[in-house]
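Heads up: numbering here begins at 1 and tracks the sequence. Counting starts at 1 for both ligands and their atoms, in listed order.
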Amino acid sequence: MSSPHNSAEIGDIAERILLPGDPLRAKVIAENFLTDVKKYNEIRNMYGFTGKYKNIPVSVQGTGMGIPSFSIYVHELIHVFGVKKLIRVGTCGGMNENVNLRDVVIAQGASTDSSIVKQTFGGAISFSMLADFDLLSKAVNNAKKLNVPVKVGNIFSTDYFYNDYSDSQGIFSSDGLTLDRKMIQHGILAVEMETAALYMLAAAANVQGLSICTVSDHIIKKEYASAKEREKDYNDMIKIALETAIQD
Ligand code: HPA
């Protein structure tokens with residue numbers, strides 16, 4: 001049996017998985033970090049691979065960009081293929097002053113403008129989307145062991161790549177701060193487009209979710225890391241994610 005978007009057979013996908021948005025990034029991670037690699041999916045070119053890291057089975061699956069695409073793959077991974085530990089490895093845009101290009105950010109929580117949360121709770125409560133604490137604390141420890149500085153905190157998962165929250169024509173708060181400044185004032189570190197869905201889907205299914213991102217651009221400072229500059233920091237993030245995924 002497989003699923004509509006994933007041609008893997010039951011048992012082909014490990015209980016521990018890394019989730020990059022870019023399917024080619026999944027291939028690079030599998031080729032550079034895993035041994036005994038087998039490709040289990042190429043429907044829509046959304047590659048998925050299973051291999052071993054330090055002799056423990058680990059999979060890596062592309063998800064595409066944004067909450068709808070991400071949620072399709074993650075739903076099937078959890079509910080059809082029985083995945084239990086899911087670690088997103090992506091990029092994010094820095095928002096806070098203290099966040100710099102190429103930093104590694106671990107999302108302790110995710111705030112969102114996505115309707116998925118409102119719809120799930122009928123608009124009655126504002127659900128807090130949190131990282132799994134066990135994965136979070138392990139990832140922070142592994143980063144220390146690997147000598148990689150990380151920033152840990154709240155991030156913003158948005159449905160809009162091109163929405164301008166600094167635009168006073170848009171939604172802005174009653175104290176005159178534009179929405180991006182309001183979020184920064186409340187400690188939001190960075191923006192990306194998937195983590196809130198991971199934390200919500202993981203919570204609903206009682207499995208473990210964590211999101212780790214490398215800062216690829218800074219939306220306030222208007223800075224962009226080149227692909228080459230990003231490479232090393234991306235690899236640091238992958239090491240943190242893999243070490244965390246294989247720990248019991
Ligand atoms: N916005 C949303 N998602 C992102 C960004 C951004 O600026 N950078 C990397 N992922």
Which protein N or O atoms sit under 3.5 Å from any N or O of ligand 1? Give atom names and distances.
| residue | atom | partner | partner atom | Å |
| --- | --- | --- | --- | --- |
| ligand 1 | 7 (O) | Asp217 | OD2 | 3.0 |
| ligand 1 | 8 (N) | Gly93 | N | 3.3 |
| ligand 1 | 8 (N) | Asp217 | OD1 | 2.8 |

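The list of salt bridge (Lys or Arg N to Asp or Glu O under 4.0 Å) pairs with a residue in residues 238-248, not counting sequence neighbours, reads Arg16-Asp248, Lys54-Glu243. Within the structure, no pair that satisfies the salt bridge (Lys or Arg N to Asp or Glu O under 4.0 Å) test touches residues 206-220, not counting sequence neighbours.
Here the CD1 atom belonging to Ile67 is positioned 4.0 Å from the OG1 atom belonging to Thr112, to the nearest 0.5 angstrom. One finds the SG atom of Cys92 at 13.0 Å from the CZ atom of Phe156 (value rounded to the nearest 0.5 Å).
Ring planes of Phe127 and Phe121: parallel class, angle under 30° (limits at 30 and 60°).
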Side-chain atoms of residues 144-153: list all donor-acceptor pairs with protein atoms under 3.5 Å, sequence neighbours left out, distances to 0.1 Å.
| residue | atom | partner | partner atom | Å |
| --- | --- | --- | --- | --- |
| Lys151 | NZ | Asn98 | O | 2.9 |
| Lys151 | NZ | Asp103 | OD2 | 2.7 |

